[in-house]
Amino acid sequence: MAKEIKNRDENYSEWYNNLVIKADLAENSAVRGCMVIKPYGYAIWEKMQAELDRRFKETGHVNAYFPLFIPKSFLSREAEHVEGFAKECAVVTHHRLMSDPEGKGLVVDPDAKLEEELIVRPTSETIIWNTYRNWIKSYRDLPILCNQWANVVRWEMRTRLFLRTTEFLWQEGHTAHATAQEAMEETRRMVDVYASFAKEIMSLPVWTGPKTASERFAGAVETLCIEALMQDGKALQAGTSHFLGQNFAKAFDVQFANREGKLDYVWATSWGVSTRLMGALIMAHSDNNGLVLPPKLAPIQVVLVPIYKGEEEMGAICSHLQDLNDRLQKMGLSVKLDNRDNVRSGFKFSEWEVKGVPVRIAVGPRDVQNGTVEVARRDTLEKQILPLERIEETVVALLKEIQDNIYMKALDFRSRNTFEINSYDEFRERIEDGGFFLCHWDGTAETEAKIKEETKATIRLIPEREDPRPGKCMYSGKPSAQRVVFARAY
RNA sequence: CGGGGUGUAGCGCAGUUGGCUAGCGCGCCACGUUCGGGACGUGGAGGCCGAAGGUUCGAGUCCUUUCACCCCGACCA
């Protein structure tokens, strides 16, 4: 394994793709740019879903579902929105096939052409706001706090497993509010939900803050985001929360009678995270032995591996392990007893390491005799012999420690790769090695575009600081209110 | 959409200037020996050589077309 997964100084794409496949998470499908998420990978996504959903409910949201297809005319209602998405839409033009008159399989039936083409949703703002128009008449109907779990399609030129697939799974929250302030608070609330989810569940430290105007969501007034640093030094946008102002309400004519009895347009937000989070998880924590999963997302938290010679010894050890299995399960842990007899224990060790199982417990005849177990942790690869007595409490504590340690490791990595730079020459040189760069910027789109053109680095976000220190733009020398975060990004 | 690369067994690959019966490693199946960090031996199964067309006595190999995937760009909440 170690020789197959390369470190980040070599070809990272190879490292990453290889890891995804070796860890049994996903593979390319027959369909361009799409991926098959395999059972082990999907189990991780399900855990993410469950935890996010819990947090959405906690903040007063409910789930709903809207159609996959969007009439083409809907998309064009909001000028910036159509501008942003038109180039990457899959379009349904017909609804029927027929056998080829020339005998070459199936062809589209020209008589089945749709009156109005349908777009496969790249995001659902338009169809949802078209629906909300009917739901909202009065301020008493507000707020609407809906989320949907869905798939979306964006026909990007270039795809990457988990990070940018043609079809991906996500959740999109769409809320409607009576006031701008309330909508802005919602935008903030949800980006904070994402940030705490990243930290507490994914062990992933993120920066939080607004995007610059040029990096905003198409149709948004303000975009807040969480940004994480991957081990190859590139940034990854892991989630966004948009304040949409009244743009969509105006485009879809969603007005309500306010407390004063006057008609006003509704204020909107939308926010989402996707299976890209899986990519973040993989790229932030993995090492040369494979995937490293934080316990809270690991489909299997503890794997039990028997070490034995011969059948009767295996029987004895497995019944011993079955007992341990039950004790651990009673603690609410997800445990796997690997009693396969066609592979040896050394093979199992490697395999579960590649899959990122946080804790492995091995038991052999020696342990049975001594009343001990061998406990190995995935994050540090350390092993120790521990007494079997009260082992379930030890393991619960260890899982918590691993969860924290993975976070600390990622945080430490980020700190070591975050730099304050003042000179543009130095910036150009250092950006090659990756990392986050805190630099002064004059606030103009021109400077931002120039820097992007010359260095491929973009402004990931404008960090929210209690005491923003002014300075001079590293590029133009003009005054700058505060440092912003530059990085090369996926 | 441009540049480069790859399609041969489940996976990873070799296959020379066209040549006769298409190979290797891993995995799989059977048996035996093993078993505290990816075991070994012996035997066996597994192929429309990405697809279509062409050149030829003969094509995995040459030509044309096409499809898919990977990498680098362009593009991208």
Side-chain angles (χ1 to χ4, degrees), chain A residues 1-4 10-18 21-22 24 27-35 80-81 83-89 104-105 121-125 152 154-161 163-166 168 170 172 191 194 211 214-220 222-227 236-242 244 270-274 276 289-290 305-311 313-314 317 340-354 360-370 372-374 376 381 383 385 452-453 456 458 460-461 489-490:
Chain A
M1 194 65 219
K3 63 178 185 290
E4 285 168 10
E10 298 179 37
N11 186 331
Y12 195 76
S13 296
E14 196 173 323
W15 186 95
Y16 172 78
N17 280 333
N18 202 349
I21 290 155
K22 293 284 175 186
D24 216 26
E27 63 190 36
N28 289 304
S29 86
V31 185
R32 179 207 168 273
C34 292
M35 73 175 162
E80 284 182 28
H81 194 68
E83 176 87 8
F85 286 105
K87 284 169 287 181
E88 52 189 66
C89 286
K104 294 192 174 176
R121 63 182 165 217
T123 178
S124 302
E125 273 80 2
V152 288
R154 294 185 189 177
W155 213 269
E156 304 279 4
M157 299 252 164
R158 190 171 165 199
T159 57
R160 279 172 194 271
L161 226 47
L163 299 185
R164 187 172 292 109
T165 44
T166 299
F168 56 94
W170 77 347
E172 46 181 327
V191 80
Y194 292 151
K211 288 278 185 202
S214 53
E215 296 278 334
R216 253 176 226 147
F217 174 71
E222 177 86 286
T223 290
L224 305 181
C225 66
I226 56 171
E227 289 278 334
L236 184 72
Q237 177 176 299
T240 48
S241 182
H242 315 289
L244 302 173
S270 70
W271 28 272
V273 292
S274 70
R276 178 181 261 201
N289 290 327
V305 179
I307 295 165
Y308 58 90
K309 295 180 210 175
E311 256 177 57
E313 203 168 271
M314 156 134 176
I317 287 170
R340 284 177 294 173
D341 61 358
N342 57 336
V343 288
R344 310 165 103 220
S345 33
F347 180 92
K348 294 177 184 175
F349 291 174
S350 310
E351 193 179 65
W352 295 116
E353 269 166 25
V354 173
R360 180 187 71 232
I361 298 179
V363 173
R366 212 154 63 207
D367 296 301
V368 175
Q369 200 172 15
N370 300 340
T372 57
V373 292
E374 183 198 76
L381 297 169
K383 291 187 285 197
I385 306 293
K452 182 177 178 182
E453 195 185 313
K456 294 179 196 157
T458 49
R460 303 316 303 158
L461 52 81
Y490 275 102

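Proximity of A:Pro122 to A:Glu156: side-chain heavy atoms (C-beta onward) are nowhere separated by under 4.5 Å. Within the 4.5 Å cutoff, side-chain heavy atoms of A:Leu236 are placed close to those of A:Arg276. Side-chain contact between A:Glu353 and A:Arg360 is present, with at least one heavy-atom pair separated by less than 4.5 Å.
Following rounding to the nearest Å, A:Glu453 (CD) and B:C75 (C1') show an atom-to-atom distance of 15 Å. Taking atom OH on A:Tyr308 and atom P on B:C35, their separation rounds to 12 Å, with Å as the unit. The distance from atom CG of A:Asp341 to atom C1' of B:G32 is 16 Å, rounded to the nearest whole Å. For the pair A:Phe349 CZ and B:G36 P, the interatomic distance rounds to 9 Å; values are reported in whole Å. We find that CD of A:Gln369 is positioned 17 Å from P of B:G36, with the value rounded to whole Å. Remark: P of B:C76 and CG of A:Leu236 are 17 Å apart, rounded to the nearest angstrom. Atom CD1 of A:Ile317 and atom P of B:C35 are 13 Å apart (whole Å). Atoms CG (A:Leu163) and C1' (B:C76) sit 12 Å apart, rounded to a whole Å.
Between B:G41 and B:U55, the two P atoms lie 49 Å apart (nearest whole Å). The separation of B:G53 from B:U16, taken at their C1' atoms, amounts to 27 Å, rounded to a whole angstrom. Only the C1' atoms considered, B:G19 is 40 Å distant from B:C31, to the nearest whole Å. Comparing B:A39 with B:G46, their P atoms are spaced 28 Å from each other, to the whole Å. Of the P atoms belonging to B:A22 and B:G32, the separation is 34 Å, rounded to the nearest Å. Of the P atoms belonging to B:G2 and B:U21, the separation is 42 Å, rounded to the nearest Å. B:A9 sits 22 Å from B:G5 when the P atoms are compared, rounded to a whole Å. Using atom P as the reference point in both B:G54 and B:U61, the two lie 14 Å apart (nearest Å).
Nucleotide B:C1 forms a pair with B:G73, judged by Watson-Crick or G-U wobble geometry with both contacts under 3.5 Å. Look at B:U42: its Watson-Crick or wobble partner, with both distances under 3.5 angstrom, is B:A30. Base pairing analysis places B:G53 opposite B:C63; the two distances defining the Watson-Crick or G-U wobble pair are each below 3.5 Å. Taking a pair to require two hydrogen-bonding distances under 3.5 Å in either a Watson-Crick or a G-U wobble arrangement, B:G47 remains unpaired. In this structure B:A22 sits in no base pair that meets the Watson-Crick or G-U test at under 3.5 Å. Base pairing analysis places B:G37 opposite nothing; no Watson-Crick or G-U wobble pair with both distances below 3.5 Å involves it.
Distances from the side chain of A:Met157 to the nucleotides B:C1, B:G38, B:G36 place B:C1 closest. With B:G73, B:G37, B:G36 as the choices, the nucleotide that has an atom nearest any side-chain atom of A:Arg360 turns out to be B:G37. Looking at the side chain of A:Glu88, the nearest of the listed nucleotides B:C76, B:C69, B:C35 is B:C76. Here the nucleotide nearest the side chain of A:Lys456, chosen from B:G73, B:C76, B:G36, is B:G73. Comparing atom distances between the A:Glu374 side chain and each of B:C69, B:G38, B:G36 picks out B:G36 as nearest.
Counting only distance, with no hydrogens or angles, the side chain of A:Thr166 and the backbone of A:Arg32 share a donor-acceptor pair below 3.5 Å.
One finds a side-chain N or O of A:Asn28 lying less than 4.0 angstrom from the OP1 or OP2 phosphate oxygen of B:C70. Using a 4.0 Å cut-off, some side-chain N or O of A:Lys87 falls inside it from OP1 or OP2 of B:C76.
Annotated as anti: B:C20, whose O4'-C1'-N torsion sits more than 90° from 0.
The base of B:G37 sits with one of its N or O atoms less than 3.5 Å from a complementary donor or acceptor on the side chain of A:Glu353. No hydrogens or angles were tested; on distance alone, nothing pairs the side chain of A:Arg344 with the base of B:G36 as donor and acceptor under 3.5 Å. Not a single donor-acceptor pair, N or O on each side, falls under 3.5 Å between the base of B:G36 and the side chain of A:Lys383.
When heavy atoms are screened at a 4.0 angstrom cut-off, A:Gly310 is found touching base atoms of the nucleic acid. No engagement by A:Glu313 is indicated, since no non-hydrogen atom pair under 4.0 Å with the nucleic acid exists. In this structure, A:Trp352 reaches neither bases nor backbone, as no heavy-atom distance under 4.0 Å exists between it and the strands shown. Within 4.0 Å of A:Pro122, counting heavy atoms only, lies no atom of the nucleic acid at all. Counting any heavy atom pair closer than 4.0 Å across all strands shown, A:Thr123 reaches no nucleic acid atom. If you check every strand for non-hydrogen atoms under 4.0 Å, A:Arg276 touches nothing. At the heavy-atom level, A:Gly219 lies nowhere under 4.0 Å from the strands shown.
A residue-by-residue look at A:Val363 and A:Phe168 shows that A:Val363 has its nearest nucleotide of RNA chain B further toward the 5' end. Ranked by how close their nearest RNA chain B nucleotide is to the 5' end, A:Arg164 and A:Arg160 are led by A:Arg160.
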- Steps toward side-chain hydrogen bond (donor to acceptor under 3.5 Å, both in side chains) verdict (A:Thr458, A:Arg460): CA-CA 6 Å; A:Thr458 49; A:Arg460 303 316 303 158; 2.7 Å; yes

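A cation-pi arrangement is not found for A:Arg164 relative to A:Tyr490, the charged atom failing to lie both closer than 6.0 Å to the ring centre and inside a 45° cone about the ring normal.
Note on A:Glu227 versus A:Lys211: salt bridge recorded, some NZ/NE/NH1/NH2 to OD/OE distance being below 4.0 Å.
No hydrogens or angles considered: nothing links the side chains of A:Arg216 and A:Ser214 as a donor-acceptor pair under 3.5 Å.
For the atom pair CG (A:Leu224) and CG (A:Leu461), the distance works out to 9.5 Å, reported to the nearest 0.5 Å.
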